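Inspection log for the structure reproduced underneath, given as structure tokens.
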Protein chains: 2
Amino acid sequence: MQGLIDLMAETSTQNPERIAEVLADHGVRPTSQRETVYSSLLQKRDHPTADEVFARVREKAPTISLATVYNCLDVLVQHNLVKAVNFERAPTQYCANLAPHAHFHDEEGRTLDIDMPAGMFEQLRGLLPQNFDVKDIEVNFHGRAPKS
Amino acid sequence: MQGLIDLMAETSTQNPERIAEVLADHGVRPTSQRETVYSSLLQKRDHPTADEVFARVREKAPTISLATVYNCLDVLVQHNLVKAVNFERAPTQYCANLAPHAHFHDEEGRTLDIDMPAGMFEQLRGLLPQNFDVKDIEVNFHGRAPKS
DNA sequence: GTTGCGAATTAGAATTATTCTAATTGGGTG
DNA sequence: CACCCAATTAGAATAATTCTAATTCGCAAC
């Protein structure tokens with residue numbers, strides 16, 4: 001069921017009226033700013049920073065403030081609709097890809113999603129004693145990706 | 001050979017006169033500040049932040065500046081004597097453990113080293129196409145560790 | 001329909017880790 | 001001993017993020 005909802009979330013890019021629904025289903029009160037921010041993340045899947053999201057949503061919502069963008073992103077992350085990705089000391093990037101995956105950070109600044117087979121996370125989990133409560137596993141590659 | 005040097009680096013906590021040697025072997029000009037900073041990291045393996053290192057080394061070197069601590073840490077990281085560990089937006093932590101390993105970030109702020117079998121990094125590497133040039137793989141667990 | 005309420009939004013100030021700048025010091029070499 | 005370059009220093013600057021306090025919004029009760 002949750003899987004279905006997530007799938008909807010990821011495929012509802014072209015269904016603006018569904019976005020409010022998805023937010024509500026995840027316990028997020030759907031305000032117009034939250035819808036705009038979430039919709040922007042769904043439409044361009046390139047791991048934007050808060051500033052970049054701010055620039056993008058301004059076109060649709062010219063009065064939105066940067067603080068609100070931060071607030072909306074935090075709420076979305078808190079409710080597992082969006083993932084926050086941190087790399088070194090660079091600004092946090094945001095990602096609407098809900099499937100478990102790793103990130104590759106190119107030396108030129110690009111960030112790519114890397115699919116992870118489900119078993120890999122379990123193997124990693126297996127490195128820890130059973131009495132550890134693991135909430136999240138993060139895998140980051142760093143290097144140089146082929147030019148195209 | 002490199003492995004032997006690393007082992008020396010890790011076991012020379014009690015051999016202050018060896019620290020300069022280890023730095024030099026890694027291409028780092030051994031200044032007294034660098035020796036103090038590196039020695040501090042070797043002695044207390046608890047992933048301190050730059051500020052914490054600053055506080056610790058002040059006892060031995062009361063005139064050292066925070067900028068120098070940052071400089072020394074950067075040099076040590078650049079020359080692979082120390083690893084910089086970033087987690088979420090928290091201040092960078094530093095780690096003199098040279099063996100490949102992952103990190104567990106406790107919700108109370110503790111950071112633990114987690115041993116990784118060599119094969120695990122290779123498996124992770126295998127998720128990427130061959131034409132990716134991988135410089136580093138970072139694995140971070142987040143959750144709650146047993147109280148003691 | 002108006003009023004009231006709590007949550008959300010806003011603008012701008014504040015915070016904080018880190019980096020930068022410019023001046024000083026220091027250690028090794030000629 | 002003098003020189004030179006790298007390292008160090010103090011403090012200012014930067015930049016991402018968070019905080020604050022005031023305003024606005026949307027809905028529910030009346």
Side-chain angles (χ1 to χ4, degrees), chain A residues 19-21 23-24 26-40 47-58 60-79 81-95 105 109 111, chain B residues 19-21 23-24 26-40 47-58 60-79 81-95 105 109 111:
Chain A
I19 287 184
E21 214 176 306
L23 293 179
H26 283 253
V28 176
R29 182 140 77 119
T31 67
S32 84
Q33 289 88 342
R34 288 170 179 175
E35 290 172 31
T36 308
V37 166
Y38 184 45
S39 158
S40 145
H47 304 86
T49 64
D51 266 328
E52 287 165 346
V53 172
F54 183 45
R56 290 174 193 181
V57 298
R58 276 184 133 172
K60 288 285 171 71
T63 68
I64 201 171
S65 71
L66 179 56
T68 298
V69 171
Y70 273 103
N71 288 343
C72 292
L73 290 170
D74 283 351
V75 168
L76 294 172
V77 168
Q78 229 100 95
H79 291 78
L81 277 162
V82 165
K83 276 194 83 168
V85 184
N86 286 284
F87 190 62
E88 313 226 317
R89 315 257 355 119
T92 302
Q93 300 174 274
Y94 297 88
C95 168
H105 298 263
T111 299
Chain B
I19 287 183
E21 213 176 307
L23 293 178
H26 282 254
V28 176
R29 180 140 77 118
T31 67
S32 85
Q33 289 89 341
R34 288 171 179 174
E35 290 171 32
T36 309
V37 166
Y38 184 43
S39 159
S40 145
H47 304 85
T49 64
D51 267 328
E52 287 165 347
V53 172
F54 183 46
R56 290 174 194 182
V57 298
R58 276 187 134 169
K60 288 285 171 70
T63 67
I64 200 170
S65 73
L66 178 57
T68 297
V69 171
Y70 272 103
N71 287 343
C72 292
L73 290 170
D74 283 351
V75 168
L76 294 172
V77 169
Q78 229 98 95
H79 290 78
L81 277 162
V82 166
K83 276 194 84 168
V85 185
N86 286 283
F87 190 63
E88 314 226 316
R89 314 261 353 123
T92 301
Q93 299 173 277
Y94 297 87
C95 168
H105 297 264
T111 298

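Just so we're clear, the structure is a prediction, and the values are computed from it rather than from any experiment. Quick note: numbers below take in every heavy atom, side chains included, and nothing from hydrogens, waters or symmetry partners. Within every chain, numbering begins at 1; the chains are lettered A, B, ... in the order of the sequence lines, protein sequences first and strands thereafter.
Between B:E35 atom CD and C:dG26 atom C1' the separation is 14 Å, expressed in whole Å. If you take CD1 of B:I64 and P of D:dA10, they are 10 Å apart, rounded to a whole angstrom. The nearest whole Å value for the distance from the CG atom in B:L76 to the C1' atom in D:dT8 is 15 Å. In this structure, B:Y70 places its OH atom 18 Å from P of D:dT14, rounding to the nearest Å. As rounded to whole Å, 9 Å separates atom P of C:dA17 from atom CZ of A:R89. Atom-to-atom, CD of A:E52 to P of D:dA16 comes out at 10 Å; the value is rounded to the nearest Å. In this structure, CG of A:N71 is placed 9 Å from P of D:dT18, rounded to the nearest angstrom. In this structure, CD of A:E88 is placed 18 Å from P of C:dA17, rounded to the nearest angstrom.
Along DNA chain C, the nucleotide nearest to B:P91 and the one nearest to B:R29 differ in position, and the one closer to the 5' end is contacted by B:P91.
At least one side-chain heavy atom of B:T49 sits under 4.5 Å from a side-chain heavy atom of B:E52. Within the 4.5 Å cutoff, no side-chain heavy atoms of B:V82 are placed close to those of B:V37. Side-chain contact check for B:T31 versus B:L23: every heavy-atom pair is 4.5 Å or farther apart.
A donor-acceptor pair shorter than 3.5 Å can be found between the side chains of B:Q93 and B:T111.
Relative to the side chain of B:D74, the nucleotides C:dT19, D:dA16, D:dT17 differ in distance, and C:dT19 lies closest. Closest contact between the side chain of A:A67 and the listed nucleotides D:dT17, C:dA11, C:dT18 involves C:dA11. For B:L66, the side-chain atoms get nearest to C:dT18 when compared with the rest of C:dT9, C:dT18, D:dT17.
In this structure, B:T63 reaches the D:dT9 phosphate: one of its side-chain N or O atoms is under 4.0 Å from OP1 or OP2. For A:R34, a side-chain nitrogen or oxygen approaches OP1 or OP2 of C:dA8 to under 4.0 Å. Distances shorter than 4.0 Å separate none of the side-chain N or O atoms of B:S65 from OP1 or OP2 on D:dT8. Of the side-chain N and O atoms in B:Q33, none sit less than 4.0 angstrom from OP1 or OP2 of C:dG26. Between A:T31 and C:dT9, a side-chain N or O to OP1/OP2 separation shorter than 4.0 Å is present.
Within the 4.0 angstrom heavy-atom criterion, only backbone atoms of the sugar-phosphate kind lie near B:T92; the bases stay farther away.
The two residues B:E35 and B:P30 make their nearest non-hydrogen contact at OE2-O, 3.4 Å.
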